[in-house]
Amino acid sequence: MQPAVIAPSILSADFARLGEEVQAVISAGADWIHYDVMDNHYVPNLTIGPLVLKSIRPWTKATIDVHLMVSPVDAMIESFAEAGADCITFHPEATLHVDRSLELIRSKGLKAGLVLNPATSPDVLDWVMDKLDMVLIMSINPGFAGQPFIASTLDKIRVVRSKLDRFEDRSGRSIRLEIDGGVKTDNIGAIAAAGVDTFVAGSAIYGAKDYQAVISEMRREIARAHGEILQA
Ligand code: DX5
Ligand code: ZN
């Protein structure tokens with residue numbers, strides 16, 4: 001398992017002060033910034049595009065993890081690579097050629113990942129594992145922050161974790177397992193214990209008064225759960 005990453009989703013930040021909000025969570029101990037892109041076509045909501053990424057890019061050196069909830073995806077991959085993304089993930093249902101879109105991200109020198117919706121089978125990963133740097137499991141239906149965590153996701157995490165572990169044994173290459181949706185201090189331990197190493201949290205972090213307190217508590221819960229896995 002790779003070192004844990006906490007990635008606040010800027011969807012719950014104060015958009016009038018986005019640069020400061022990005023800096024605030026990183027100084028409060030977060031590792032990455034999760035950047036949610038919605039097009040009111042693939043998902044029923046509209047958020048931010050490459051222009052906003054370009055303007056927040058100078059505010060942080062932290063990894064910016066772009067989660068594309070758009071269809072089609074290829075033109076947006078080009079634009080977000082240009083705007084300064086470090087990782088780009090997309091939903092397999094949103095592109096006609098999953099392998100080609102993954103190749104496109106990698107050709108820009110960025111980390112690439114697929115996102116599994118609650119009803120999407122992990123089988124879609126099987127023939128593209130060598131092109132993945134991360135797998136993002138949605139524990140809500142994409143489109144909005146602040147929805148409750150879908151409990152069956154824990155079983156799916158375990159299925160994907162063992163797939164990724166088998167791949168790592170074969171290839172020596174590790175793939176991050178990321179979760180997004182309804183992650184809070186009171187369920188992050190169970191999520192970590194199921195095998196997640198990369199944690200997106202929007203409302204739980206940006207909705208709190210003290211970012212540092214929430215992030216530290218999340219980190220303690222993750223460390224406890226991962227410590228238990230190592231001892232098991
Ligand atoms: C929803 C987004 C999430 C969202 C998570 O489609 O992909 O990243 O911001 O927000 P919370 O953590 O509040 O569920
Ligand atoms: Zn997201």
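Order of listing sets the numbers, starting from 1, for every ligand and every atom in it. None of the values given here were measured: they were computed from a predicted structure.
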At less than 4.0 angstrom from any atom of ligand 1, which residues have a non-hydrogen atom? List them by chain and residue number. Ser9, Leu11, His34, Asp36, Met38, His67, Met69, Met138, Ile140, Pro142, Gly143, Phe144, Ala145, Gly146, Asp180, Gly181, Gly182, Val200, Ala201, Gly202, Ser203
List the steps, then state whether side chain to side chain donor-acceptor pair (under 3.5 Å) holds for Tyr35 with His67. CA-CA 6 Å; Tyr35 188 100; His67 174 193; over 6 Å; no
Determine, for Lys163 against Asp126, whether the closest basic-nitrogen to carboxylate-oxygen distance falls under 4.0 angstrom. yes
Is any side-chain heavy atom of Leu154 closer than 4.5 Å to one of Ile191? yes
Under a 3.5 Å threshold, yes or no: a donor from one side chain and an acceptor from the other, between Glu93 and Thr120? yes
Hits for side chain to side chain donor-acceptor pair (under 3.5 Å) against Glu21, two or more places apart or cross-chain, chain-then-number order -> Tyr211
Give every protein N, O or S atom lying under 2.8 Å from the Zn ion (ligand 2), naming each by residue and atom. His34 NE2, Asp36 OD1, His67 ND1, Asp180 OD2
Report yes if some heavy atom in the side chain of Thr153 is under 4.5 Å from a heavy atom in the side chain of Pro118; otherwise report no. no
Thinking salt bridges, do Arg106 and Asp130 make one under a 4.0 Å N-O criterion? no
Using the rule given for side chain to side chain donor-acceptor pair (under 3.5 Å), can you reason through Asp74 versus Ser101, listing the C-alpha separation, both sets of side-chain angles and the distance that settles it, and then say yes or no? CA-CA 6 Å; Asp74 290 358; Ser101 301; 2.6 Å; yes
Quick one: side chain to side chain contact (heavy atoms under 4.5 Å, CB included) partners of Glu103, sequence neighbours excluded? Asp99, Lys131
